[in-house]
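Have a look at the structure below before the remarks.
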There are 2 protein chains.
Amino acid sequence: MNNIVKNIIHQIFPISDQSFLEIDKLLEIESYSKGETFISKNKRDEKEYFVISGICKSYLINPDGDEVTISLFAENSILSPQSIRTSNNISNLNFKALTKVELVSMNAKEFENLMIESIEIRQFGSTVLQNELIAKVEKEIGLASLTAKERLIEFRKTHHLLENLIPHTDIASYLGITNISLSRLRKELSR
Amino acid sequence: MNNIVKNIIHQIFPISDQSFLEIDKLLEIESYSKGETFISKNKRDEKEYFVISGICKSYLINPDGDEVTISLFAENSILSPQSIRTSNNISNLNFKALTKVELVSMNAKEFENLMIESIEIRQFGSTVLQNELIAKVEKEIGLASLTAKERLIEFRKTHHLLENLIPHTDIASYLGITNISLSRLRKELSR
DNA sequence: CCTTTTCATTAACAAATGATAAAACAATCA
DNA sequence: TGATTGTTTTATCATTTGTTAATGAAAAGG
């Protein structure tokens with residue numbers, strides 16, 4: 001059904017055509033417009049997502065009622081809320097489309113059944129999990145610097161395309177600063 | 001051989017006695033004194049660790065030559081450098097004992113062989129990976145606040161025992177502030 | 001026991017960042 | 001087009017944080 005998903009999967013793990021056909025049966029297309037929240041609390045344990053086009057974020061609401069950006073997801077990436085499903089402590093993490101977004105979703109329980117039946121698909125699933133973990137470690141290393149300026153420089157290295165595509169408020173939140181401070185740093189770095 | 005390891009494993013996944021006996025054959029005891037670095041670059045792809053007693057940190061060296069604390073590992077936890085093994089970008093992450101530390105190590109390749117043979121051990125391995133990921137997500141949520149004071153308060157909730165056991169320099173680095181700033185916040189919060 | 005080292009605190013000042021408000025700019029829509 | 005809304009920049013001031021240096025306390029080692 002969807003060659004883009006096949007490519008995304010192949011970039012992660014060289015799955016066989018037969019295995020992909022099994023996965024393919026679970027795929028459905030979803031699309032959301034800018035600003036739309038697409039994983040609510042009661043739905044989040046149901047699906048894995050492949051980001052076909054557009055950009056999404058995960059976020060939470062802080063005590064002041066503001067959205068704090070936790071992660072950013074560009075196109076051709078897997079948005080896999082596995083960690084959220086299995087954790088009781090992470091209760092209020094939500095997902096939102098920052099641009100018009102096309103997703104391919106996959107029922108999580110059916111995918112788990114596939115993983116039980118097929119060693120190859122389980123290896124794919126484990127590799128997704130590992131990649132998620134690597135992304136987190138790389139992120140925490142990138143944000144480990146004390147100064148916001150260095151964090152912005154690091155962000156530009158890993159997300160160089162995103163800065164002109166999504167609201168700076170989300171980037172600032174991701175970097176742990178205000179959008180006003182981000183604006184100052186942008187000006188300073190452009191000189 | 002080691003009932004403590006059995007307990008640690010059981011807290012994560014209810015493995016059978018038979019499976020544990022297979023794992024048990026791979027276990028070896030290691031101990032390090034305070035300040036000792038125990039995973040160097042060339043060794044890190046060899047072992048998984050169970051922290052029996054003491055506290056460790058993962059860290060990297062920033063351009064100024066200072067150690068930046070990335071993660072903290074208390075006793076009764078698994079120190080599983082799976083993500084490091086599989087990532088090319090995370091090259092300079094090291095591990096150090098912050099107190100006298102007793103570890104039980106397990107050869108990673110032999111454990112992978114066990115995972116191929118046994119579904120149950122495979123499930124245990126996947127769960128370890130999931131737990132690592134959950135810990136990272138919980139950490140990034142805990143550190144998502146803009147102010148250092150709130151991050152310290154959050155840190156105290158999740159690591160309440162650690163503050164009096166390890167150098168404040170490492171806690172400050174973990175929180176993204178200087179130890180002097182941490183001292184100021186401690187004083188302010190104690191009033 | 002003394003010395004040395006490491007760590008935590010404090011003070012004074014400089015630098016960076018947040019808060020608030022205003023203005024410029026861009027995007028959307030009737 | 002004009003109005004509206006949202007985003008980014010800029011300016012001002014208050015607050016927080018980093019830097020440097022000094023001090024004291026605790027731990028480590030001879």
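Values in this document were obtained by computation on a predicted structure and should not be read as measured data. Chain identifiers are assigned alphabetically (A, B, ...) following the order of the sequence lines, protein sequences preceding nucleic acid strands; residue numbering begins at 1 within each chain.
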Problem set entry | A/Glu67/A/Lys57 ion pair, N-O < 4.0 Å |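 Result for this pair is yes, salt bridge flagged.
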
For this session: Inspect the contact between B/Lys157 and B/Glu154 and indicate whether a charged nitrogen and a carboxylate oxygen are less than 4.0 angstrom apart.
Result: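 So B/Glu154 pairs with B/Lys157 through a salt bridge.
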
For this session: Work out how much the helix from C/dC1-D/dG30 to C/dA30-D/dT1 bends between its end axes, five pairs an end, to the nearest 10 degrees.
Result: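 If I round to tens, the end axes sit 50° apart.
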
Exercise. Counting only non-hydrogen atoms, which of residues 175-191 of chain B are less than 4.0 Å from DNA chain C?
Worked result: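 Within this stretch, B/Ile180, B/Ser183, B/Arg184, B/Arg186, B/Lys187 sit under 4.0 Å of the strand.
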
Problem set entry | Any residue of residues 139-173 of chain A with a heavy atom less than 4.0 Å from an atom of DNA chain C |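 Those residues whose heavy atoms fall under 4.0 Å from DNA chain C, taken from residues 139-173 of chain A in numerical order, are A/Ala148.
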
Exercise. Does B/Leu133 sit in a hydrophobic cluster with other residues, and if so which ones, taking ILVMFWY side chains as linked at heavy-atom separations under 4.5 Å, directly or through other members?
Worked result: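 Hydrophobic cluster check, B/Leu133: joined to A/Leu129, A/Leu133, B/Leu129.
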
For this session: If you link ILVMFWY side chains whenever their heavy atoms are less than 4.5 Å apart, which other residues fall into the same cluster as B/Tyr59? By chain and number, please.
Result: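 Listed partners: B/Ile61.
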
Exercise. Between CD of B/Gln11 and CG of B/Asn76, what distance do you get to the nearest 0.5 Å?
Worked result: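 Output value for this atom pair is 6.0 Å.
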
Quick one: side-chain contact (heavy atoms from CB on, under 4.5 Å) partners of [X], sequence neighbours excluded?
X        : answer
A/Leu161 : none
A/Glu102 : A/Ser31, A/Ile52, A/Ser53
A/Ser58  : A/Ile70, A/Ser71, A/Phe73, A/Leu93, A/Phe95
B/Ser80  : B/Glu48, B/Ile78, B/Gln82, B/Val128, B/Glu132

What N/O pairs connect the protein and nucleotides 28-30 of chain D at under 3.5 Å? Give each pair on its own line.
none

For this session: Without swapping roles, check the side chain of B/Arg122 against the backbone of B/Ile116 for a donor-acceptor pair under 3.5 Å.
Result: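 Yes: the side chain of B/Arg122 pairs with the backbone of B/Ile116.
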
Exercise. Any donor-acceptor pair under 3.5 Å linking the side chain of B/Glu120 with the backbone of B/Ser16?
Worked result: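 Checking the backbone N and O of B/Ser16 against the side chain of B/Glu120, a donor-acceptor pair under 3.5 Å is found.
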
Problem set entry | Beyond-backbone contact of A/Phe20 with A/His10, side-chain heavy atoms, under 4.5 angstrom |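 A/Phe20 vs A/His10: side chains apart.
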
Show me the side-chain donor-acceptor pairs of residues 171-182 of chain A shorter than 3.5 Å, one per line, residues at least two apart or across chains.
unit_1, atom_1, unit_2, atom_2, d
A/Ser173, OG, A/Thr69, N, 2.6
A/Thr178, OG1, A/Ser181, N, 3.2

For this session: Establish, from distance only, whether the side-chain atoms of B/Thr158 and B/Glu138 form a donor-acceptor pair under 3.5 Å.
Result: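 Per modelled atom types, B/Thr158 and B/Glu138 side chains form no pair under 3.5 Å.
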
Problem set entry | Start and end of chain A contact along DNA chain C [non-hydrogen atoms, under 4.0 Å] |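 Counting from the 5' end, contacts occupy C/dT17 to C/dT20.
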
Exercise. Parallel, tilted or perpendicular for B/Phe13 and B/Phe124, by the 30°/60° rule?
Worked result: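 Tilted: the ring planes of B/Phe13 and B/Phe124 meet at 30° to 60°.
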
